[in-house]
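The next block holds one structure in the form of structure tokens; read it before the comments.
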There are 2 protein chains.
Amino acid sequence: MSEELLHTPQACDDALTRAFGFLGKRWNGLIIGVLTGGPATFSGLRRAVGGISDSVLSDRLTELAAAGLVHRAVEAGPPVAVTYELTEAGGALMPVLDQLAAWARTNLPAGQCAAEATAAG
Amino acid sequence: MSEELLHTPQACDDALTRAFGFLGKRWNGLIIGVLTGGPATFSGLRRAVGGISDSVLSDRLTELAAAGLVHRAVEAGPPVAVTYELTEAGGALMPVLDQLAAWARTNLPAGQCAAEATAAG
DNA sequence: CGGTGCACTTCTCGAATCGAAGTGCTAGCT
DNA sequence: AGCTAGCACTTCGATTCGAGAAGTGCACCG
């Protein structure tokens, strides 16, 4: 048990660990997923992800912004509007999430989009 | 009055929702990530992911097995040995996790594998 | 016989999350 | 003008989740 017992047990999955530091938090994955469809507002995001609470969404958005994955654009003017959108780093996740969705469609039971079903015919 | 702003709010990210039903749970992503390196035992897994507790690992493994992502192989014989390995569905995640790791290496700060550094030239 | 490792389970405590309500401001209806 | 409604958050109380330690039964090592 000195040198090695397994073939590099977890060589570079250190990157995975960091990735799941964000994606492992209950809603982060979905939030980014929704954002891949374009910029959104706070309440727009809340509706899109469905089931998340204001407080958690606020927290997650702050985290994501601090990590540089999403950009918080505050539009001045009388009605202060806040828009969230992916940064470059966040956008780089789009193909990954796309593959992930494809995987879920193929390998996870009980679920398929109506839009998908029609294409099958 | 611009209705164009909402272009299919969340068309098929229903698949994402299902995917993150698993990956959104604190350790599931890492567990699968470790399993992509080959089959492992309970304690082997515990060591590989690092920081997870027995109870949670047991829960996650049960969930993953119930979802058909990992296979729980019980070897009889006097010393009952249990081995966990990815099923086809779980194995299909490997390329996704690979991309995810690549993304993390590129876009998440403070982290780089020694093995990667060599390729810098 | 005593110590160790494996595969789990059970228990308790603190953290994370939920869900609803509250705050300050603007817009639309009457 | 008064009232309702929406947006972007924050704060509060309650539930659920996860961490850490210890316990169980069995086989191997010395």
Side-chain angles (χ1 to χ4, degrees), chain A residues 1-2 4-6 9 17 20-35 38-67 70-86, chain B residues 1-3 5-6 9 17 20-35 38-67 70-86:
Chain A
M1 304 93 138
S2 308
E4 88 296 335
L5 59 161
L6 294 175
T17 303
F20 280 110
F22 291 102
L23 299 184
K25 303 288 284 288
R26 179 137 203 200
W27 294 105
N28 277 349
L30 276 317
I31 292 174
I32 294 178
V34 170
L35 249 18
T41 63
F42 186 90
S43 45
L45 234 21
R46 179 182 33 184
R47 270 193 276 271
V49 304
I52 193 174
S53 60
D54 287 15
S55 41
V56 178
L57 179 54
S58 186
D59 275 358
R60 292 297 108 87
L61 249 15
T62 304
E63 280 180 24
L64 259 10
V70 310
H71 176 65
R72 186 170 179 276
V74 183
E75 308 240 356
V80 54
V82 182
T83 303
Y84 295 92
E85 62 186 317
L86 293 179
Chain B
M1 303 314 185
S2 39
E3 65 244 45
L5 214 45
L6 302 176
T17 303
F20 280 109
F22 291 103
L23 300 184
K25 304 287 283 288
R26 176 130 205 201
W27 294 105
N28 278 349
L30 278 316
I31 293 174
I32 295 178
V34 171
L35 249 18
T41 64
F42 186 90
S43 45
L45 234 21
R46 180 184 27 184
R47 270 193 276 272
V49 304
I52 192 173
S53 59
D54 286 15
S55 42
V56 178
L57 179 55
S58 185
D59 275 358
R60 293 296 112 86
L61 248 16
T62 304
E63 281 180 23
L64 259 9
V70 311
H71 176 65
R72 186 171 179 275
V74 182
E75 308 241 356
V80 54
V82 182
T83 302
Y84 296 92
E85 61 186 317
L86 292 180

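Atom set for the values below is all heavy atoms of this structure, side chains included, hydrogens, waters and symmetry mates excluded. Residue numbers begin at 1 in each chain, while the letters A, B, ... track the order of the sequences.
Between Tyr84(A) and the phosphate of dC9(D), there is a side-chain N or O to OP1/OP2 separation shorter than 4.0 Å. Between Ser58(A) and dT10(D) there is a side-chain polar atom (N or O) within less than 4.0 angstrom of OP1 or OP2.
Distance from the side chain of Ser43(B) is smallest to dC6(C) among dC8(C), dC6(C), dT10(D). Comparing dT10(D), dC6(C), dC8(C) against the side chain of Arg72(B) picks out dC8(C) as the nearest. Picking from dA22(D), dA19(D), dC9(D) the nucleotide with the shortest atom distance to the side chain of Val56(B) gives dA19(D).
Each of Val82(A) and Arg26(A) was matched to the nucleotide of DNA chain D holding its nearest heavy atom; the match closer to the 5' end belongs to Val82(A). Sequence order on DNA chain D of the closest nucleotides to Ser55(A) and Thr41(A) puts Thr41(A) first from the 5' end. Residue whose closest nucleotide on DNA chain C sits further toward the 5' end, between Arg46(B) and Leu57(A): Arg46(B).
Here dC6(C) presents its P atom at 13 Å from CG of Leu45(B), a figure rounded to the nearest Å. Atom CG of Leu30(B) is separated from atom C1' of dG18(D) by 15 Å (rounded to the nearest Å). Straight-line distance from the CG atom of Asp59(B) to the C1' atom of dT9(C): 10 Å, rounded to whole Å. In this entry the distance linking CH2 of Trp27(B) with P of dG18(D) reads 11 Å, nearest Å. Atom CG in Asp54(A) sits roughly 13 Å away from atom P in dT11(D) (whole-Å rounding). Atom pair Glu75(B):CD and dC6(C):C1' shows a separation of 14 Å (rounding to whole Å applied). Regarding Lys25(B), its NZ atom lies at a distance of 12 Å from the P atom of dA19(D), rounded to whole Å. Rounding to whole angstrom units, CZ of residue Arg47(B) and C1' of dT4(C) are separated by 12 Å.
Between the CG atom of Leu30(A) and the CG atom of Leu57(A) there is a distance of 11.0 Å, given to the nearest 0.5 Å.
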